[in-house]
Number of protein chains: 2
Amino acid sequence: MNAKPPTSLDVARLAGVSQATVSYVLNDRPGARVSDETRERVREAAERLGYVPHAGARTLRTGRSGLILISMDDVPYGPLAIGMLEELDRELSRRGYTLVQYGARRLRGVPAARAWAELRPVAVLAGAGKLDEQAVAVLRSAGVKAVVALGAHSSAVTASVVVDHAGIGALAAGHLIDRGCRTIAAVVPAEPGLREMGEHRLSGARRVAEARGVPLTRADLPFSEEGAAALLDVWRRVDGVFAYNDDYAMLLMTVLRDAGVAVPGDVRMVGCDDLPLATLLRPRLTTVRIDVSAMPSLLARRLEELMEQEAPAEPDHIHPWNPVLVVRESS
Amino acid sequence: MNAKPPTSLDVARLAGVSQATVSYVLNDRPGARVSDETRERVREAAERLGYVPHAGARTLRTGRSGLILISMDDVPYGPLAIGMLEELDRELSRRGYTLVQYGARRLRGVPAARAWAELRPVAVLAGAGKLDEQAVAVLRSAGVKAVVALGAHSSAVTASVVVDHAGIGALAAGHLIDRGCRTIAAVVPAEPGLREMGEHRLSGARRVAEARGVPLTRADLPFSEEGAAALLDVWRRVDGVFAYNDDYAMLLMTVLRDAGVAVPGDVRMVGCDDLPLATLLRPRLTTVRIDVSAMPSLLARRLEELMEQEAPAEPDHIHPWNPVLVVRESS
DNA sequence: ACGCAGTGGTTATACGTATAATCAGTTGAT
DNA sequence: ATCAACTGATTATACGTATAACCACTGCGT
């Protein structure tokens, strides 16, 4: 009942062959010369015993683990991130790698890197905020071939996948101005986890607004009705708002309705993410959808390159995201 | 530049001691007799080399891994699940375990179990739908001490953590009847991932409704405005609706408003989850909040028990969730 | 008869770690 | 002076796997 897990040696004994033969058969190594009947005997014995190889032992022997670690706890969890993760998982497992999420207790920097390094992964993907130069050095020293930072800006120390937040802001602001807005506001969330991305979206909006001669107000907003109500004079002064995302847009539309400000009559509104709730709002919400469908396969390919080559890659970045405007009634 | 990762033997050489001494010092084993100065030398050498132990080798030697796998892809991701996961992570790492999310490519049954078993985890938590009897046997055979099913109902084959969905439905229905509703409806989502939980919530609501002599209509609803509009005669026939969760409640409130049905005047509405959007709806949404704050520490303790004892535990279950009614304006 | 290539395996070893077993010195009690 | 107990280490080994190196045997051309 409480026996030890069967090993390849157990399989070998049952099949009447040597342990080496078992290894050759089960991994079907190209060069191995084993007769078909022996192969069958080995496979059957493995099946009977319920043999499952010991990943740790294999890693120890080969020096490579096939394990890819991803730490998502910098990146906001949403349907978007989940879907992307699933697809990435599929792409990587197809290539023989195992994708595993490991947040490392919200550690960051070197302590987080040490925790990851213990597992001797072949690649680590982590929020840019968790990877400083020393942390990357720890990972490299532990044999991690590919270190990729995920975040809003590219990293100077390693390859990275950056989300083009500025592009989102630019798209939203451009649309508002196209609709005739003469003064606009852009929301920057006050929440620590979101503020940085808010700043980036703001900067993109600001760039477009300046280029087209439209004044832009920055609105630092905590996610609460009181917070939104406290800025009522801001919303009354402008005729267009980029609300950072759909949740904030819903918050604002609720508060504006209570205050008697008409959307889009008095102020046009644009969100981001194209959440299901966007079409449920009245008026229906114009939003920026981020198309990430191209991202998993691109990232998987890039990872494969990085893991195969010997030298650590020069820091570069890809941003395989495509912001698309979905125009509805609120703008 | 591309050197191999430093081993405990490298540390030993630099410190001028044996590899065994390094192991004793870095794990500071209670019985080990090593002088303080030697300890210091070893620690310094390890620091200098950036030594990180090799988890695979350690697992191989000791036979235990400290790795706990959780597969969340049955359980719906939301702020609730995320928060719970973080707290569970904290509880387990405090006890010396490493919590890792591993979805296993959405495999289920034996194939998923084999993938998990390769890592020789000490515990596996997975959606009840992924764990059939054979899968559990595979895990047990691979030395997994604790196998815990997560889901809406208890498992006959292993310990489980069940969410008391029936209790949620009962609480919501009881509240509606308290408010004077004489005929109520309960939403069951048509989405494959949610339907089962919807059935459980429905059953709880039905139990209470029958006990109090109130007719209850089941409403199978896909998440779309067309779907909700197609059932308009249902909503018109009842004076209370338990909407499964807040998202569905928002969908219904939007459609009902468009159709001229007043909430709560014509029909009272109760959601579930207490999402931020619940307070942003007009009228503000009455909802069932699930208090999961007690869950992580309870689960961690239970896991610890299971992992320490030798015999596989008899299937039992805990449901450390506390549904709480949050009454607002919609009911 | 002899080498020689091909077939179907086996033997031996290393990966990095934890730990039981051992050992050389030193101290202390009698 | 002798033995026991303690201190501070070292030596040796096993965990499960992959793979290089080796080996016995058969068939075959000369």
Side-chain angles (χ1 to χ4, degrees), chain A residues 3-42 45-46 49-67 96 117-120 122 141-143, chain B residues 3-42 45-46 49-67 96 117-120 122 141-143:
Chain A
K4 310 194 69 174
T7 72
S8 60
L9 187 59
D10 295 326
V11 175
R13 277 194 280 253
L14 181 57
V17 297
S18 72
Q19 180 266 329
T21 300
V22 172
S23 175
Y24 287 135
V25 170
L26 295 185
N27 300 333
D28 38 59
R29 249 181 77 89
R33 296 171 307 193
V34 182
S35 70
D36 285 353
E37 38 194 344
T38 305
R39 297 188 114 91
E40 199 40 51
R41 274 218 318 285
V42 168
L49 292 178
Y51 170 72
V52 174
H54 188 303
R58 173 176 287 168
T59 302
L60 184 57
R61 171 63 228 244
T62 62
R64 314 207 71 193
S65 70
L67 205 60
E118 289 197 0
L119 297 177
R120 296 292 191 274
V122 64
S141 153
Chain B
K4 310 194 68 173
T7 73
S8 60
L9 188 58
D10 295 326
V11 175
R13 278 195 279 255
L14 181 57
V17 299
S18 71
Q19 180 267 329
T21 300
V22 171
S23 175
Y24 287 134
V25 170
L26 295 185
N27 300 332
D28 38 58
R29 249 182 77 88
R33 295 170 310 192
V34 182
S35 70
D36 285 353
E37 37 195 345
T38 304
R39 297 189 114 91
E40 199 41 50
R41 275 217 318 285
V42 169
L49 292 179
Y51 170 72
V52 174
H54 188 302
R58 173 176 286 168
T59 301
L60 184 57
R61 171 65 228 243
T62 62
R64 314 207 69 194
S65 71
L67 204 60
E118 288 197 2
L119 298 177
R120 295 294 192 273
V122 63
S141 153

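Throughout, a chain's letter reflects where its sequence line sits, starting with A, and its residues are numbered from 1.
- The distance from atom CG of B:Asp36 to atom C1' of D:dG8 is 12 Å, rounded to the nearest whole Å.
- Residue contacts for A:Val17: at a heavy-atom cut-off of 4.0 Å it reaches the sugar-phosphate backbone alone, with no base atom in range.
- Within 4.0 Å (heavy atoms only), B:Thr21 reaches at least one base atom of the nucleic acid.
- Looking at B:Thr21 and B:Arg41, their side chains never come closer than 4.5 Å, going by heavy atoms from C-beta outward.
- In this entry the distance linking CG of A:Leu9 with P of D:dT17 reads 9 Å, nearest Å.
- Side-chain proximity of B:Ala20 to D:dT11, D:dT19, D:dA9: nearest is D:dT11.
- Listed pair A:Ser35 / C:dG9 meets the phosphate criterion, a side-chain N or O lying under 4.0 Å from OP1 or OP2.
- Separating the CG atom of B:Asp10 from the P atom of C:dC15 is a distance of 11 Å, rounded to the nearest angstrom.
- In this structure, the nucleotide among C:dT17, C:dA20, C:dG9 sitting nearest to the side chain of A:Val34 is C:dG9.
- Side chains of A:Pro53 and A:Ser8 form no contact here, defined as non-hydrogen atoms less than 4.5 Å apart.
- Close to C:dG9, at under 4.0 Å from its OP1 or OP2, lies no side-chain N or O of A:Ser18.
- Between B:Tyr24 and C:dA20 there is no side-chain N or O to OP1 or OP2 distance below 4.0 Å.
- The OH atom of B:Tyr51 sits 10 Å away from the P atom of C:dG16 (whole-angstrom rounding).
- Here the P atom of nucleotide D:dA20 and the CD atom of A:Gln19 are 14 Å apart, to the nearest Å.
- When each of B:Ala57 and B:Glu37 is assigned the nucleotide of DNA chain D with its nearest heavy atom, B:Glu37 is the one assigned upstream, toward the 5' end.
- Atom CZ in B:Arg64 sits roughly 18 Å away from atom C1' in D:dG16 (whole-Å rounding).
- For the OP1/OP2 pair of C:dG9 and a distance below 4.0 Å, the side-chain nitrogens and oxygens of A:Thr38 include at least one atom meeting the criterion.
- For A:Leu60 and C:dC15, the CG to P distance is 9 Å, given to the nearest whole Å.
- Looking at heavy-atom distances under 4.0 Å, A:Ser23 makes contact with a base.
- Salt-bridge annotation for A:Arg13 and A:Asp10: present, with a side-chain N of the basic residue lying under 4.0 Å from a carboxylate O of the acidic one.
- Atom CZ of B:Arg13 and atom C1' of D:dT11 are 16 Å apart (whole Å).
- Taking every heavy atom of both residues into account, B:Val11 and B:Val42 meet most closely at CG1-O, 3.9 Å.
- A close approach under 4.0 Å does not occur between any side-chain nitrogen or oxygen of A:Arg33 and OP1 or OP2 of C:dG6.
- At distances below 3.5 Å, not a single donor-acceptor pair connects side-chain atoms of A:Arg120 with backbone N or O atoms of B:Ala55.
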